[in-house]
K.L.:
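I'd like to ask some things about the structure below.
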Amino acid sequence: MALPLTLAACFGSDGDRPTLIGGTQAGGPQPFPDNFRSDTLALMRSYLNNPVGVHDASMADPVLREVGGRQFYVSCLHFTPRETDGSYKGMRERAVIFVNGRSDRVIDDRTSELCAGAVYAPFPELEKMTR
């Protein structure tokens, strides 16, 4: 009888990690993402098709914003990525959502709403990314 319970505990769901759609976040406040700069770099490395050659990067410190009816920390980015043909077109604005103090996803829509009033500071680490 103990073996099935032990196996169930090992293969249980990731129920303690909230998501934007559902999860357990409603029970308490989100922690501030202490490692938001390094977490954002890791996320952007996989988000950008070519993380090399980013220009004019700046980032705003995370602030609590409502996303999907819940409060999450959101940090906003401005940057100019290198296009596939090697050219630079326009400045991009993206929002990074943090869940349980870790970067979770990059949002490219609703940024004008999520990033309203953001105070940007240079983010040279984003400009120094490599593959």
K.L.:
Does anything in residues 98-131 pair up under ring pair (Phe, Tyr, Trp, His ring centres under 6.0 Å), and if so which pairs, sequence neighbours excluded?
P.N.:
H78-Y120
K.L.:
Holding to side chain to side chain contact (heavy atoms under 4.5 Å, CB included), I want the full list of residues that pass it with Y88, two or more places apart in sequence or in another chain.
P.N.:
H55, T80, R82
K.L.:
Can you name the residues that form a side chain to side chain contact (heavy atoms under 4.5 Å, CB included) with S87, not counting sequence neighbours?
P.N.:
E83, D85, K89
K.L.:
For residues 41-48, which side-chain N or O atoms pair as donor and acceptor with protein atoms under 3.5 Å away, sequence neighbours left out?
P.N.:
residue	atom	partner	partner atom	Å
R45	NE	T130	O	3.3
S46	OG	L43	O	2.9
Y47	OH	R94	NE	2.9

K.L.:
Can you pull the disulfide (SG to SG under 2.5 Å) pairs that have at least one residue in residues 37-115, sequence neighbours excluded?
P.N.:
C76-C115
K.L.:
With a 4.5 Å cut-off on side-chain heavy atoms, are V74 and V67 touching?
P.N.:
yes
K.L.:
Do you know which two heavy atoms are closest between F79 and L126, and how far apart they sit?
P.N.:
CB-CD2, 3.9 Å
K.L.:
Which atom names give the shortest non-hydrogen contact between M129 and V54, and what distance separates them?
P.N.:
CE-CG2, 4.4 Å
K.L.:
Tabulate below the donor-acceptor pairs under 3.5 Å that side-chain atoms of residues 58-65 make, not counting sequence neighbours, or state none.
P.N.:
residue	atom	partner	partner atom	Å
R65	NE	L114	O	2.8
R65	NH2	A116	O	2.9

K.L.:
Write out all pairs satisfying disulfide (SG to SG under 2.5 Å) with one or both partners inside residues 43-75, taking only residues at least two apart or from two chains.
P.N.:
none
K.L.:
Considering only residues two or more places apart or on different chains, which pairs with a residue in residues 115-129 satisfy salt bridge (Lys or Arg N to Asp or Glu O under 4.0 Å)?
P.N.:
R37-E125
K.L.:
With salt bridge (Lys or Arg N to Asp or Glu O under 4.0 Å) as the rule and sequence neighbours excluded, what pairs involving residues 106-123 come up?
P.N.:
R110-E113
K.L.:
Apart from V52 itself, what residues make up its hydrophobic cluster when side-chain heavy atoms of I, L, V, M, F, W and Y under 4.5 Å apart count as a link, directly or indirectly?
P.N.:
none
K.L.:
Check whether any side-chain heavy atom of L77 sits under 4.5 Å from a side-chain heavy atom of T40, and report yes or no.
P.N.:
yes
K.L.:
Please answer: with hydrophobic residues joined when any side-chain heavy atoms are less than 4.5 Å apart, are F36 and I107 in the same cluster?
P.N.:
no
K.L.:
Rounded to the nearest 0.5 Å, how far does OH of Y73 lie from CD of Q71?
P.N.:
9.5 Å
